[in-house]
Amino acid sequence: MRWARHAVPAAVTALAAIAARDLLQREHALRRNFPLLGRARYLLESIGPELRQYIVAGNDEERPFTRDQRRWVYASAKRQNNYFGFGTDNDIEHTAGYPIIKHRTFGRAVPASTPTAGHEVRLPCAKVLGGARDRARAFRPESVVTISGMSFGSLSGPAVEALNRGAAIAGCLHNTGEGGLSRYHRNGGELILQIGTAYFGCRDDRGRFDLARLKDVVAGAPVRALEIKLSQGAKPSLGGLLPAAKVSAEIAAARGIPVGQDCVSPSRHAEFADCDSLLDWVELLAAETGLPVGIKSAVGDLEFWTELTDLMRDTGRGVDFVTIDGGEGGTGAAPLIFTDSVSLPFQLGFARIYPIFAERDLHEQVVFIGSGKLGLPDNAVVAYALGCDMLAVGREAMLAIGCIQAQKCHADTCPTGVATQNAWLTRGLDPASKAVRAAHYVKTLRRDLVKVAEACGVEHPGLIDPDSVEILGGRTSATPLREVYGYRPGWGLPSTADQKAIVELMATEAPQGGSAPPSPTAQR
Ligand SMILES: Cc1cc2nc3c(=O)[nH]c(=O)nc-3n(C[C@H](O)[C@H](O)[C@H](O)COP(=O)(O)O)c2cc1C
Ligand code: SF4
């Protein structure tokens with residue numbers, strides 16, 4: 001056994017060297033946090049397709065995000081080849097509810113054909129945020145894709161920093177979430193400041209909303225809009241509790257609360273108690289800051305929406321944007337009954353709210369933002385066809401910066417450092433490199449949206465109408481989205497003036513495809 005005397009120390013030295021390399025590298029949080037062990041995941045991932053054929057689930061079975069969906073996000077974030085070979089493995093013929101997008105043979109726009117064309121395409125919103133209500137700081141968002149509200153506290157500091165830097169690189173807005181505006185949000189990305197029931201970051205010592213503090217926060221950071229959070233799809237009507245142990249000095253500073261004490265978010269706002277007082281508050285915030293002001297809500301009972309829109313029509317007060325969050329949306333932590341069963345999924349919920357605005361002629365004056373697994377191009381296109389103007393992506397952006405869907409966000413043991421405050425685990429997440437991934441992902445999503453729009457013959461996803469999508473009823477039937485949800489002609493699109501403006505903007509932006517030069521006998 002003489003060879004063993006040399007081989008064992010040599011193997012140990014080699015493993016120690018690999019472990020040291022894992023610890024020091026910055027590219028992979030998992031390997032940094034779990035030297036050697038973390039490599040097993042990459043190995044399993046690489047032989048996953050072969051293994052799955054024999055023992056585990058298929059490409060489309062896992063939830064919330066299937067393996068195919070995650071593979072698309074990971075590849076897009078790394079700017080690797082995100083194409084799929086051999087054809088779809090979705091059971092299109094037998095899946096009721098499956099959306100099919102209808103391309104046009106001849107259309108105004110033609111998609112560019114090389115895989116990388118349009119990586120850097122600009123994709124601004126088709127509406128001016130706050131324009132219809134003449135807000136002093138109205139603006140046209142540069143990117144229809146935004147990063148959804150996820151607080152510092154539920155996400156780690158480095159994760160928030162990566163998303164904010166990524167937003168800066170991709171030129172998209174980054175929503176702070178309800179946990180206040182932390183130093184991690186100040187890395188160049190422009191912000192939507194979310195105001196939740198606890199008024200974190202803009203509250204006084206007794207937890208009451210403090211307008212002067214809000215104005216200070218707005219003045220000290222690139223805040224472009226305010227979002228009043230009424231509810232979130234994964235846990236509507238519920239407050240929350242951040243336990244004392246997690247209330248670090250940094251979290252306390254961002255939220256304006258004492259260090260090391262339980263931090264409670266109430267389940268209702270104290271500044272308004274009905275639609276009338278909500279609209280008063282919206283107008284106050286808009287007048288005091290000049291910013292566009294919107295609301296974020298999940299969809300349950302519709303009485304709130306009819307009252308709100310009646311008041312908007314009759315009194316002239318109003319919100320500048322409405323974010324509809326689907327019941328399939330994510331959360332850091334929530335009771336199972338809420339994540340699984342309270343509030344409508346995005347498609348159904350949005351298709352109930354949009355008509356309520358449209359019936360009162362308010363739909364062209366409001367920017368509609370959708371969220372709930374809309375960071376995947378197929379879901380996003382359906383959202384656009386239903387009348388969305390912008391998308392907010394939450395968990396897909398987390399996947400882009402390294403989340404592996406371990407679903408431990410509530411336990412403070414997130415292995416990739418994305419959703420934990422544990423110092424060892426967060427040190428693995430390198431904000432600089434993950435920012436680039438977040439930006440690649442956002443840019444790829446925008447590029448795919450433009451390509452699909454062009455395949456439908458239009459220049460911008462906001463111009464995809466509800467007749468361009470059909471919902472399969474199985475193998476032998478399909479119904480246009482317009483019929484499924486009873487949309488009237490013209491619904492789902494921006495106003496004629498906004499359509500004209502966005503077509504002009506896109507004409508100078510998107511790389512256009514085409515054909516080879518026509519032959520002398522061409523019939524054109
Ligand atoms: C870890 C985590 C934290 C979140 N924090 C907030 C929050 O502070 N405020 C909020 O309105 N929504 C919050 N959300 C919900 C997301 O903003 C988003 O609405 C939802 O996840 C749906 O988008 P997605 O399917 O792209 O993730 C959170 C979601 C996650 C996963
Ligand atoms: S705990 Fe899992 S699902 Fe949650 S952020 Fe971390 S890797 Fe992602």
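Just follow the structure's listing: the first ligand is 1, and inside any ligand the first atom is 1.
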Should you measure from each heavy atom of [X], which atoms of ligand 1 turn up under 4.0 Å away?
X: Gly329; result: 20 (C), 21 (O), 22 (C)
X: Lys373; result: 24 (P), 25 (O), 26 (O)
X: Val393; result: 26 (O)
X: Glu396; result: 24 (P), 26 (O), 27 (O)
X: Ser371; result: 19 (O)

Atoms of ligand 2 close to [X] [distance to a heavy atom under 4.0 angstrom, numbered from 1]:
X: Thr416; result: 6 (Fe), 7 (S)
X: Met398; result: 5 (S)
X: Cys414; result: 1 (S), 5 (S), 6 (Fe), 7 (S)
X: Ala406; result: 2 (Fe), 3 (S), 7 (S)
X: Cys409; result: 1 (S), 3 (S), 4 (Fe), 5 (S)
X: Cys403; result: 3 (S), 5 (S), 7 (S), 8 (Fe)

Have [X] and [Y] got a donor and an acceptor in their side chains that come within less than 3.5 Å?
X: Gln194; Y: Glu178; answer: no
X: Tyr199; Y: Glu271; answer: no
X: Ser277; Y: Asp280; answer: no
X: Ser182; Y: Glu250; answer: no

Answer side chain, backbone, both or neither: which part of [X] comes under 4.0 Å from ligand 1, heavy atoms only.
X: Thr331; value: backbone
X: Glu178; value: both
X: Lys296; value: side chain
X: Ser151; value: both
X: Arg395; value: both

Does at least one non-hydrogen atom of [X] fall below 4.0 angstrom from an atom of ligand 1?
X: Cys409; answer: no
X: Gly179; answer: no
X: Gly375; answer: no

Closer than 4.0 angstrom, basic N to acidic O: yes or no for Arg446 and Glu142? no

Can you tell whether the side chains of Asp210 and Arg203 come within less than 4.0 Å, N to carboxylate O? no

Specify whether Tyr354 and Phe368 have parallel, tilted or perpendicular ring planes, treating 30° as the upper limit for parallel and 60° as the lower limit for perpendicular. tilted

Can you say whether the rings of His269 and Trp281 are parallel (under 30°), tilted (30 to 60°) or perpendicular (over 60°)? tilted

Looking only at protein heavy atoms, which one is nearest to [atom], and how far off is it?
atom: atom 7 (S) of ligand 2; result: Ile404 N, 3.3 Å
atom: atom 22 (C) of ligand 1; result: Asp325 OD1, 3.4 Å
atom: atom 3 (S) of ligand 2; result: Gln407 N, 3.1 Å
atom: atom 23 (O) of ligand 1; result: Gly372 N, 3.6 Å
atom: atom 9 (N) of ligand 1; result: Gln194 OE1, 2.8 Å
atom: atom 18 (C) of ligand 1; result: Ser148 OG, 3.4 Å

Tell me whether the guanidinium CZ or amine NZ of [X] lies under 6.0 angstrom from the six-membered ring centre of [Y] and within 45° of its axis.
X: Lys373; Y: Phe346; value: no
X: Arg39; Y: Phe34; value: no
X: Arg427; Y: Trp424; value: yes

Evaluate whether atom CZ of Arg21 has more than 12 neighbouring non-hydrogen atoms of other residues, nucleotides or ligands under 6.0 angstrom away. no

Hey, is CG on Asp91 packed in by over 12 heavy atoms from elsewhere, all under 6.0 Å? yes

When you measure from the side chain of Thr420 to the backbone of Asp412, do you find a donor-acceptor pair of N or O atoms at a distance under 3.5 Å? yes

Heavy atoms only: which of [options] is nearest to [atom]?
atom: atom 6 (C) of ligand 1; options: Gly149, Gly177, Ala397, Ser154; value: Gly149
atom: atom 1 (C) of ligand 1; options: Gly332, Cys403, Ala333; value: Gly332
atom: atom 15 (C) of ligand 1; options: Gly330, Gly394, Pro64, Ala298; value: Gly330

Quick one: look at Gln405 and ligand 2, take heavy-atom pairs under 4.0 Å, and tell me if it's side chain, backbone, both or neither. backbone

Flag side-chain contact, heavy atom, 4.5 Å: Val319 against Met312: yes

Atom pair CG (Leu226) and CD1 (Ile295), whose distance is rounded to the nearest 0.5 Å: 13.5 Å

